[in-house]
There are 2 protein chains.
Amino acid sequence: MTEKWTPASAADGVEQVLKILEGKWKLVILFHLFGGQVKRFSELEKAIPAITQKMLIQQLRQLEADGIVTRTIYHQVPPKVEYRLTEWGQELCPALDALLKWAENKA
Amino acid sequence: MTEKWTPASAADGVEQVLKILEGKWKLVILFHLFGGQVKRFSELEKAIPAITQKMLIQQLRQLEADGIVTRTIYHQVPPKVEYRLTEWGQELCPALDALLKWAENKA
DNA sequence: TAGGGTACTTACTAAGAAGTAAGTTTTTGA
DNA sequence: TCAAAAACTTACTTCTTAGTAAGTACCCTA
């Protein structure tokens with residue numbers, strides 16, 4: 001169970017994960033959606049005042065492409081689009097908690 | 001225990017951690033040192049063929065500054081410098097494992 | 001017919017991270 | 001006197017990411 005990893009392959013595996021999280025705004029977005037929260041585009045905009053629209057969709061689209069969030073479009077006028085985490089996305093929460101706890105342990 | 005975090009502060013906490021891990025070569029280096037391994041500069045160079053010397057020290061220095069690795073200098077000629085993880089650095093391993101396991105769970 | 005709300009696009013610029021290639025120091029051994 | 005080994009430095013270029021600022025489509029309401 002520890003034998004399947006070489007330093008290179010383990011590093012590579014973690015890097016795949018980091019690539020998913022690495023955008024400048026992805027974590028804030030994630031933490032706004034953890035716990036089953038559903039938010040529309042404009043709500044996220046308000047919740048994260050410093051973000052621009054360009055960055056917001058860019059990050060959302062990448063999270064969507066990576067299977068972390070889903071996008072639900074309501075064909076109304078004015079338009080309405082909702083974002084929420086996938087199951088898999090929700091499961092990220094405890095893993096990030098582990099990192100947070102590690103950081104708190106700094107001597 | 002979950003109340004001390006706002007989306008912004010939790011994201012910020014995780015970002016601090018990601019910043020430590022984010023260099024292009026840091027994870028490979030880390031995984032070469034996990035488990036109490038001690039390596040000298042030249043050994044890491046050989047273990048990670050694609051890395052340049054510039055990148056190798058740069059990443060090592062940053063890991064050192066962040067309290068993850070320690071550097072031991074032997075005043076010999078030719079010089080000898082050894083790198084190993086700090087206690088805190090070792091404790092990163094299970095947290096990274098959590099990420100790896102999460103990644104494996106992708107539906 | 002003009003304006004407003006929502007969710008985007010697009011073109012351009014600036015800042016940062018990484019890569020390339022070469023040079024530096026020190027002392028020992030041929 | 002010259003080369004060699006180990007651990008770095010330095011100057012310069014390129015590549016990626018983020019920021020700025022503006023524009024678009026849609027249809028409803030006044």
Side-chain angles (χ1 to χ4, degrees), chain A residues 8 11-12 14-30 32-33 37-66 68-85, chain B residues 8 11-12 14-30 32-33 37-66 68-85:
Chain A
D12 198 72
V14 177
E15 254 156 48
Q16 300 304 315
V17 175
L18 292 200
K19 228 183 285 175
I20 293 176
L21 305 176
E22 254 176 19
K24 178 152 179 211
W25 304 95
K26 289 192 189 161
L27 287 169
V28 209
I29 295 172
L30 241 50
H32 274 284
L33 297 178
Q37 292 179 80
V38 180
K39 303 254 164 138
R40 40 194 303 199
F41 187 85
S42 52
E43 290 180 298
L44 288 170
E45 250 189 297
K46 268 167 226 150
I48 312 169
I51 204 172
T52 62
Q53 292 187 320
K54 175 201 161 194
M55 278 295 120
L56 183 52
I57 5 147
Q58 186 187 97
Q59 306 282 290
L60 284 169
R61 289 284 155 84
Q62 288 176 16
L63 289 169
E64 196 194 355
D66 287 326
I68 309 273
V69 314
T70 45
R71 190 162 164 266
T72 315
I73 308 162
Y74 298 88
H75 292 287
Q76 311 173 347
V77 169
K80 176 175 171 184
V81 179
E82 284 181 345
Y83 294 90
R84 76 193 70 199
L85 294 181
Chain B
D12 198 71
V14 178
E15 255 156 46
Q16 299 304 316
V17 176
L18 292 200
K19 228 184 284 175
I20 292 175
L21 305 176
E22 254 176 21
K24 179 152 178 211
W25 304 95
K26 289 192 187 159
L27 288 169
V28 210
I29 294 172
L30 242 49
H32 273 284
L33 297 178
Q37 292 179 79
V38 180
K39 302 255 164 138
R40 38 193 307 197
F41 187 85
S42 52
E43 289 180 300
L44 288 170
E45 250 191 295
K46 267 167 227 151
I48 311 167
I51 204 173
T52 63
Q53 292 188 320
K54 176 202 162 193
M55 278 295 121
L56 182 52
I57 4 149
Q58 185 187 100
Q59 307 280 289
L60 284 168
R61 290 284 155 84
Q62 289 177 16
L63 290 169
E64 197 194 353
D66 287 327
I68 309 272
V69 314
T70 46
R71 192 162 163 264
T72 315
I73 308 163
Y74 297 88
H75 292 289
Q76 310 173 348
V77 168
K80 176 176 171 184
V81 180
E82 285 181 345
Y83 294 90
R84 78 193 68 201
L85 295 180

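Every chain is numbered from 1, with letters handed out A, B, ... down the list of sequences.
Pairing each heavy atom of H32(A) with each of A47(A), the nearest pair is CE1-CB, 3.5 Å. Considering every non-hydrogen atom in both V69(B) and L60(B), the closest pair reads CG2-O, 3.9 Å. Nearest heavy atoms, Q59(B) versus W25(B): OE1-N, 3.2 Å.
At least one donor-acceptor pair under 3.5 Å links the side chain of E43(A) to the backbone N or O of R40(A).
Residue R40(B) places at least one side-chain N or O under 4.0 Å from the OP1 or OP2 atom of dA7(D).
One can place CD of E82(B) at 13 Å from C1' of dA7(D), the figure rounded to the nearest angstrom. As rounded to whole Å, 10 Å separates atom C1' of dA5(D) from atom NZ of K46(B). Atom CD1 in I57(B) sits roughly 14 Å away from atom P in dG19(C) (whole-Å rounding). Distance Q76(B) CD to dT27(C) C1': 12 Å, rounded to the nearest Å. Atom CZ in F41(B) sits roughly 18 Å away from atom P in dT25(C) (whole-Å rounding). Look at CG on L44(B): it is 9 Å from P on dA7(D), rounded to the nearest Å. For the pair Y83(B) OH and dA6(D) C1', the interatomic distance rounds to 11 Å; values are reported in whole Å. The distance from atom CD1 of I51(B) to atom P of dA17(C) is 16 Å, rounded to the nearest whole Å.
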Under 4.0 Å protein heavy-atom contacts per nucleotide of nucleotides 12-30 of chain D, with B for base, S for backbone only and - for none: ------SBB------B---
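No contact: Y74(A) has no heavy atom under 4.0 Å from any strand.
I20(A) CD1 to I68(A) CD1: the interatomic distance, rounded to the nearest 0.5 Å, is 5.0 Å.
L27(B) has its side chain out of reach of D12(A): every pair of non-hydrogen atoms, C-beta onward, lies at least 4.5 Å apart.
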